[in-house]
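Below: the structure, in structure tokens.
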Amino acid sequence: MRLMTYNSIYQKIKISGNGCILFSSDRALNDQSRRLESMTVHRPCANGFALLIHSMPSPLFQPAQAFVSRRNSLDLLKRFTETRNLNLGKAINAHLIRMFQLDLIQANYLINLYVKCGQLHLARRLFDIMPERNNVSGNALMAGYFHAGFPLEALDVFKSMDLSQLSCGPNEYMLTTLLASCAEVRALEEGQQCHEYALKSGLVSHSYVRNALLHMYSKCSGMEDALQVFRTIPSFDIFAFNSIINGFLEHGQLNYAMEVVSGMVKEVAWWDHVSYVAVLGLCADSKDLNLGRQIHSQILRRGVEFSVFVGSAIVDMYGKWGDVQSSRCAFDGLLNKNVVSWTAVMAICTQNGCFEEALKLFLEMEVVGFRPNEFTYAVALNACAGLSALKNGDALNAHAEISGYKAHLTVGNALINMYSKSGSIDDAKRVFTSMPHHDIISWNSIITAYSHHGLANEALEAFHKMLKEEVPTYVTFIGVLSACGHLGLVDEGFYYLNHLMREVGIRPGVEHYTCIIGMLCRAGLLDEADRFMRYTCVDWDIVAWRTLLSACQVHRNYGLGQKVGEHILKLDPDDVGTNILLSNMYAKAHRWDGVVNIRKLMRERDIKKEPGVSWIQVRNETHVFASEDKKHPWMSQINEKVAELIAQIKLIGYVPNIGSVLHDVEDEQKEEYLRYHSEKLAIAFGLICTPPGAPIHVMKNLRMCDDCHIATKLISVVTNRKIIVRDANRFHCFESGICSCDDYW
DNA sequence: GACTTATACC
């Protein structure tokens with residue numbers, strides 16, 4: 001009877017091609033056999049094995065004789081690896097150890113199983129206690145580390161291995177993994193050693209090894225080395241072509257990438273979805289709309305595997321062309337979405353200024369159950385930065401902290417940017433100091449942040465600290481030179497421009513030269529700035545000229561201002577900013593004929609001044625105020641507050657700047673107009689809605705007007721509040737009657 | 001016997 005049952009179980013499992021396990025306890029046998037008999041045919045092996053193995057620790061079920069044939073154990077391990085069945089894999093592991101059956105091959109199978117189930121620590125533990133290891137054991141673990149994003153650990157495993165254990169040197173598998181890890185950590189020297197070994201051992205003729213070599217060189221060194229390997233490939237190899245295109249793409253050598261693609265066109269039957277991803281990326285970067293659309297339709301026509309990779313690449317391509325609509329459309333049509341495609345579409349929205357849309361997508365993504373990753377947080381924070389949405393940014397900060405992503409560099413960097421653009425320089429600084437590591441982006445972000453907030457000394461101090469750790473970049477010097485401008489450090493500015501930049505090999509661009517113009521202007525050296533612009537061989541843009549014009553307005557140098565203004569209007573007669581600046585300048589000089597003239601020209605050319613709008617976030621809601629806006633539900637309270645504030649600040653010297661009002665009306669009415677400037681309304685609303693002492697953050701789409709600037713300084717005194725206004729140009733931090741811009745903006 | 005290469009979001 002007992003034997004029959006054994007046999008029937010054995011046969012059943014054997015017939016289905018699985019394992020064979022025999023136990024001796026009567027009860028166990030009866031129980032198990034009954035359960036085994038009733039098993040469904042679909043997963044007899046897994047269930048049967050689980051029942052038997054799981055019963056083993058119980059004293060009732062002591063196996064008198066448990067047996068898994070070696071062949072069967074390997075079959076089971078293979079199956080459990082394919083189905084990622086960690087528990088049964090562990091059970092076999094326990095069983096084999098108990099039976100003193102665990103040999104090298106089985107252990108290698110197990111390492112692979114643990115690796116594939118994402119249990120690197122288990123793989124590692126097994127690896128460490130193995131009495132004997134070979135190429136396969138090492139490589140299974142190394143590949144595990146590599147794929148999990150720990151290439152350094154993969155290299156460490158290799159270094160820690162006693163190579164005499166390998167009967168021969170590393171085989172083609174291990175060499176491939178080694179090269180891939182070197183590529184990832186940009187270890188050129190080690191990669192070259194691998195190359196030498198590959199040549200000596202003859203493994204270089206192996207296509208995997210060759211492709212890994214090619215990829216390693218394209219990552220760690222120039223494309224020349226990669227091409228040398230590429231030329232040794234005897235026949236068309238899609239892997240190699242894909243790697244070469246991606247290499248050129250990463251090095252920004254788009255023309256070469258395009259050449260390779262042209263060469264691939266006749267082999268188009270062999271393209272795989274990675275090729276499509278690469279070519280779509282090329283079309284995105286080179287703005288080749290024609291080819292991009294062709295490729296997109298070809299993908300649809302040929303029914304190319306529409307992986308998340310291909311989908312995200314299409315979303316990204318349309319977005320990089322600035323076509324948010326098509327990008328969004330492509331995204332909505334994706335059948336396979338993942339965090340990356342969601343993040344891609346959010347990034348596209350953010351890059352094209354659709355910040356609210358990006359934040360909406362972030363919420364939607366969570367609703368449908370995708371967890372954001374570090375890139376998602378970075379993108380969402382950038383969207384907040386674009387909106388100066390401090391509250392949302394704060395919430396995201398907490399969110400990222402809870403989910404453990406705050407420790408990532410990209411998130412830290414995005415937080416610095418968000419806090420800085422939202423007017424909270426203290427928080428930006430706090431994030432920067434609390435970060436365990438800084439990269440060049442972190443440094444650039446904090447330097448630029450200090451600069452924008454007028455904290456030029458801090459910016460330069462950070463810059464000098466940075467020089468001890470990192471090599472400055474193009475962006476670094478924009479922050480540094482604008483800091484020099486704030487401090488009036490003309491000599492230092494020129495030193496950085498002419499010497500330090502050359503020393504580190506950065507060619508100054510128009511942004512740097514514009515900082516120099518700003519610096520000269522700020523120091524009152526308007527004629528020098530004008531001369532510098534006329535005699536330096538720089539492709540000056542409108543922004544640069546407007547910097548000079550704006551300075552003429554501030555310094556009341558109307559003669560030069562008129563000359564510069566006319567020059568700009570020759571370049572672009574429709575430039576709104578210039579027209580407004582000129583008209584303000586004429587108004588300041590009481591040159592009403594000039595004002596009327598500009599307004600007439602603007603009317604004729606149908607140039608409309610963007611209406612002034614200010615906004616403020618209170619308790620997660622954004623309240624928008626336009627000038628002379630009467631729509632806000634709290635308007636009567638706001639008006640009352642404005643009147644109260646004006647009365648208070650008049651006592652300490654406020655005189656309404658009615659000279660700046662262009663309307664052809666009585667002075668009293670002009671004063672009335674000034675009261676309804678959008679920033680005053682937003683500030684008053686902020687004061688009503690926030691507790692005493694809380695800082696007020698207001699954003700404005702245009703440059704803050706002179707009258708509001710004076711008024712806000714005084715309001716910061718009478719209310720004892722810090723008021724931070726981000727206008728079109730910069731931040732103004734009003735505190736105790738002083739503004740961080742030193743009245744120059 | 002088992003283990004290996006390239007791709008999308010910052």
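Within every chain, numbering begins at 1; the chains are lettered A, B, ... in the order of the sequence lines, protein sequences first and strands thereafter.
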Nearest-neighbour nucleotide for the [X] side chain, [options] considered:
X: A:Asn373; options: B:dC9, B:dT5, B:dT4; result: B:dC9
X: A:His273; options: B:dC3, B:dC9, B:dT7; result: B:dT7
X: A:Ser312; options: B:dT4, B:dA8, B:dT5; result: B:dA8
X: A:Asp272; options: B:dC9, B:dT4, B:dA6; result: B:dA6
X: A:Lys219; options: B:dA6, B:dG1, B:dT7; result: B:dT7
X: A:Val379; options: B:dA2, B:dC10, B:dC3; result: B:dC10
X: A:Leu74; options: B:dA6, B:dG1, B:dC3; result: B:dG1
X: A:Ser243; options: B:dA8, B:dA2, B:dA6; result: B:dA6

Exercise for the section: Determine whether A:Met258 and A:Asp288 make a side-chain contact, defined as any pair of heavy atoms from C-beta on separated by less than 4.5 Å. Expected result: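 They are in side-chain contact.
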Exercise for the section: Report yes if the side chains of A:Ser403 and A:Tyr377 come closer than 4.5 Å at any heavy-atom pair, otherwise no. Expected result: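 A:Ser403 reaches A:Tyr377 side chain to side chain.
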Let me know the distance between [atom1] of [X] and [atom2] of [N], rounded to the nearest Å.
X: A:Phe331; N: B:dC9; atom1: CZ; atom2: C1'; value: 11 Å
X: A:Ile348; N: B:dC10; atom1: CD1; atom2: P; value: 7 Å
X: A:Leu77; N: B:dA2; atom1: CG; atom2: C1'; value: 10 Å
X: A:Leu179; N: B:dC3; atom1: CG; atom2: P; value: 19 Å
X: A:Glu184; N: B:dT5; atom1: CD; atom2: C1'; value: 12 Å
X: A:Asn336; N: B:dT7; atom1: CG; atom2: C1'; value: 15 Å
X: A:Asn246; N: B:dT7; atom1: CG; atom2: P; value: 6 Å
X: A:Asn338; N: B:dT7; atom1: CG; atom2: P; value: 16 Å

Side chains of [X] and [Y] only: does a donor on one sit below 3.5 Å from an acceptor on the other?
X: A:Asn139; Y: A:Thr177; result: yes
X: A:Thr476; Y: A:Thr473; result: yes
X: A:Asp323; Y: A:Asn352; result: no
X: A:His215; Y: A:Glu184; result: no

Looking for any heavy atom pair under 4.0 Å, which part of the strands does [X] touch: base, sugar-phosphate only, or nothing?
X: A:Phe146; answer: sugar-phosphate
X: A:Ala212; answer: nothing
X: A:Asn413; answer: nothing
X: A:Ala347; answer: sugar-phosphate
X: A:Tyr109; answer: sugar-phosphate
X: A:Asn108; answer: base
X: A:Ala143; answer: sugar-phosphate
X: A:Leu280; answer: nothing
X: A:Thr410; answer: base

Exercise for the section: Output yes if the stacking criterion (under 5.5 Å between centres, under 30° between planes) is met for A:Phe375 over the base of B:dC9, else no. Expected result: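 Stacking is absent between B:dC9 and A:Phe375, given that the ring centres and planes do not meet under 5.5 Å and under 30°.
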Practice task
State whether the aromatic ring of A:Trp342 stacks on the base of B:dC9, taking stacking to mean ring centres under 5.5 Å apart and ring planes under 30° to each other.
Solution key: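 It does not: the ring fails the test against the base of B:dC9.
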Return no unless some side-chain N or O of [X] is found under 4.0 Å from OP1 or OP2 of [N].
X: A:Asn112; N: B:dA2; result: no
X: A:His408; N: B:dC10; result: no
X: A:Gln351; N: B:dC10; result: yes

Handout entry: Test of ring centre spacing under 6.0 Å for A:Phe432 and A:Trp443
Key =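 Between A:Trp443 and A:Phe432, which both carry aromatic rings, the centre distance is below 6.0 Å.
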Problem - Distance-only donor-acceptor test (3.5 Å): side chain A:Asn139, base B:dA2 - result: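 There is none.
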Exercise for the section: Look at the side chain of A:Thr176 against the base of B:dT5 and say whether a donor-acceptor pair falls under 3.5 Å; ignore hydrogens and angles. Expected result: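 Checked by distance alone, the answer is no.
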